[in-house]
Number of protein chains: 2
Amino acid sequence: MDTQLARLPRTPGKRDRTKAQNRHTILAAARHVFAELGYGATTVRDIIRATPLASGTFYNYFRSKEEIFQAIQDESALRIRPRLREERSKAESVEAFISGTFRTFFEYVASDEHSFRAIRRNTDAIRVRMDTPEIIAGFEELREDLEAAIARGLFPPVDADYLMAAIVGVAFELAERMLRRQCGDPAEAAAFATALFLGGVRGLPHLHAALGNGDALPQETNQDDNGSVS
Amino acid sequence: MDTQLARLPRTPGKRDRTKAQNRHTILAAARHVFAELGYGATTVRDIIRATPLASGTFYNYFRSKEEIFQAIQDESALRIRPRLREERSKAESVEAFISGTFRTFFEYVASDEHSFRAIRRNTDAIRVRMDTPEIIAGFEELREDLEAAIARGLFPPVDADYLMAAIVGVAFELAERMLRRQCGDPAEAAAFATALFLGGVRGLPHLHAALGNGDALPQETNQDDNGSVS
DNA sequence: CTGTTTTAGTGACGCTTCGTCAACTTCACC
DNA sequence: GGTGAAGTTGACGAAGCGTCACTAAAACAG
């Protein structure tokens, strides 16, 4: 869908070059405007106005505001999905599977923080979460990997659909919280999520002090890889 | 903000009665239209068209589509929050706290399925999740309850903020999946989430058969209240 | 019961955005 | 250089937005 190599592999031609350029221009403008105004308040005109192009041109590339928003998210999804797959495919234990998944995800979120924030930014206290087809496909991949791991005997024979949902829920919600902390650390978030999935609340890392202060930056006792319950 | 009882407590007066009636009419129409068209595709005009009222009247009650959508969600939030608080306040153990929270939540979602679906319904494969101030307040309550439980020694001294986020993430994501199953059962979802939080993946209920079939309705071995790890 | 005040409903209005499309420009190929 | 295809442009009609002067009627006062 990107470059039409039907005729000649080299010399993309001016037409194809400006086409790619325009698409990129519009996407960049959209990212910027979404981050500025939030998804709800942004109009297609706002995006085009942040561009030297005419309004009609927008519709040569995307059908609607919704579609360009999807495209932005799909880019992120396509970037992270292979990493997650690889991490899980080489896992030889439940620990590796779970901790690899969370670590990779939180590190990606932290590295692509700008996109992530742009996507979430919204008016007032309202957050919008959109699951595009590409993102949903990522969920399905996780479920397939879980089913394969169960078949291999790595995981006990549990409800893979619910387990996938639980992992996804924790991943997104913790990512949100992690970014909200001034010094949010992907490793810390991953350690928390991993410990939870391996040993439940009793296996979670303990804080040293600062009880009753929810927003404090937590120090945890390092309970190495193993999620032993107390 | 609701009823002006400044003068007389009884005989609400015709003015106040039609006011309440109109508000209710508009909210009912909105619920219906949101469920029909999805949030994104719905316009304020669609809502008032489903009503005998004039367009200007809408703005006497709500400032925008966003605000009425919030109002609908806040109604749900206000209905469930007291139940959750009570359930958690009387918990004498980690098990009771966790299982009470999830059971109450999933039962509510199943009972109010219509609202829940109306809120989620959207064009295509896109899901929108909005966290209104009332809903966020519910999250804060959960965190406070967790902090109180930690102070009481019920929970180990863990990161209450992350634990709250994890519970929220699992609750919403599992609820979504539960409704998607033709025979989704709140008790089953609650059992799954509770086991996960008490003992991690190794403590999850085991399926009897049907491996490799993600959409199958799961039968679990009943590992009673206690989330023992294998 | 009548006159006055206060409150809320109405729908037309000016404004913005939407998505389209005929005319025009630019590139590719002969 | 000429011709056709591809892509850009901005104006257009349709529709939604939020407002506001106007009207109806409930509440209140005498």
Side-chain angles (χ1 to χ4, degrees), chain A residues 1-30 33-34 36-71 123-124, chain B residues 1-30 33-34 36-71 123-124:
Chain A
M1 200 201 281
D2 246 343
T3 50
Q4 298 276 85
L5 303 175
R7 220 159 318 193
L8 283 174
R10 62 187 67 206
T11 64
K14 173 139 190 186
R15 218 141 222 169
D16 290 312
R17 261 181 296 131
T18 40
K19 211 169 163 182
Q21 161 101 19
N22 279 352
R23 191 185 150 89
H24 184 263
T25 302
I26 295 175
L27 273 171
V33 176
F34 281 137
E36 194 77 20
L37 304 179
Y39 175 76
T42 298
T43 71
V44 171
R45 253 60 178 188
D46 290 329
I47 297 172
I48 269 305
R49 248 180 251 124
T51 263
L53 303 166
S55 64
T57 306
F58 177 91
Y59 295 94
N60 284 343
Y61 294 90
F62 305 96
R63 261 190 304 227
S64 62
K65 171 175 86 158
E66 210 174 68
E67 192 174 290
I68 197 174
F69 192 70
Q70 270 192 54
T123 33
D124 256 333
Chain B
M1 198 202 279
D2 245 344
T3 50
Q4 298 275 86
L5 302 176
R7 223 159 318 195
L8 281 172
R10 61 187 65 208
T11 63
K14 173 141 188 184
R15 218 144 222 165
D16 291 313
R17 261 182 295 129
T18 41
K19 213 168 162 181
Q21 160 98 22
N22 280 351
R23 190 184 151 88
H24 184 264
T25 301
I26 295 175
L27 274 171
V33 176
F34 280 137
E36 194 77 20
L37 304 178
Y39 175 76
T42 298
T43 71
V44 171
R45 253 60 180 186
D46 289 329
I47 296 172
I48 54 128
R49 245 180 255 125
T51 263
L53 302 166
S55 65
T57 307
F58 177 91
Y59 295 95
N60 284 344
Y61 293 89
F62 305 97
R63 261 190 304 223
S64 62
K65 171 175 87 158
E66 210 173 68
E67 193 174 289
I68 196 173
F69 192 69
Q70 270 192 53
T123 32
D124 255 334

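A note on names: the letters A, B, ... follow the listed sequences, proteins ahead of strands, and every chain is numbered from 1. Keep in mind the model is a prediction, meaning the values are calculated, not measured.
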Rounded interatomic separation in angstrom, taking CD from E67(B) and P from dC17(D): 14 Å

Counting just side-chain N and O atoms, does Y59(B) come under 4.0 Å of either OP1 or OP2 of dT10(C)? no

Short side-chain N/O contact to dG7(D) OP1/OP2 from N22(A), under 4.0 Å: no

Which nucleotide in the set dA8(C), dG9(C), dT8(D) lies at the smallest distance from any side-chain heavy atom of K19(B)? dA8(C)

Name the orientation class of the two ring planes belonging to F69(A) and F34(A) (parallel below 30°, tilted from 30 to 60°, perpendicular beyond 60°). perpendicular

Mind checking if T43(A) touches a base, just sugar-phosphate, or nothing, with heavy atoms under 4.0 Å? sugar-phosphate

Are V44(B) and F62(B) close enough, and set up right, to give a side-chain contact (heavy atoms from CB on, under 4.5 Å), and what steps lead you there? CA-CA 10 Å; V44(B) 171; F62(B) 305 97; over 6 Å; no

Quick one: F58(B) CZ to dG18(D) P, roughly how many Å, whole number? 8 Å

From CZ of R63(B) over to C1' of dC17(D), roughly how many Å is that when rounded to an integer? 16 Å

Without decimals, in angstroms, what is the distance between R17(B) CZ and dA8(C) C1'? 15 Å

Nearest-Å distance, NZ (K65(B)) to P (dG18(D))? 10 Å

How many Å lie between CG on D16(B) and P on dT7(C), as a whole number? 11 Å

At under 4.0 Å, does any side-chain N or O of R49(A) touch on OP1 or OP2 of dT17(C)? yes

Find the distance R23(B):CZ to dG9(C):P and express it as a whole number of Å. 13 Å

Less than 4.0 angstrom between a side-chain N/O of N60(A) and OP1 or OP2 of dT8(D), yes or no? yes

Closest to the 5' end of DNA chain C, once T18(B) and R45(B) are matched to their nearest nucleotides, is T18(B)

Do K65(B) and F58(B) meet the cation-pi criteria used here (NZ or CZ under 6.0 Å from the six-membered ring centre, within 45° of the axis)? no

Using a heavy-atom cut-off of under 4.0 Å over every strand shown, decide if Y61(A) touches base, sugar-phosphate, or nothing. sugar-phosphate

Between dG19(C), dA5(D), dA8(C), which nucleotide has the shortest distance from any of its atoms to the side chain of V44(A)? dG19(C)

Between S55(A) and dG10(D), is there a side-chain N or O to OP1/OP2 distance below 4.0 Å? no

Roughly, in whole Å, what's the span from CG in L37(B) to P in dG16(D)? 11 Å

Pair D46(B), T43(B): side-chain N/O donor-acceptor within cut-off below 3.5 Å: yes

Would you kindly check whether a donor in the side chain of R15(A) faces an acceptor in the base of dA28(C), or vice versa, at under 3.5 angstrom? no

K14(A), nearest nucleotide to its side chain (from dC27(C), dT10(C), dA26(D)): dC27(C)

Donor-acceptor contact present, side-chain T57(A) to main-chain L53(A), <3.5 Å: no

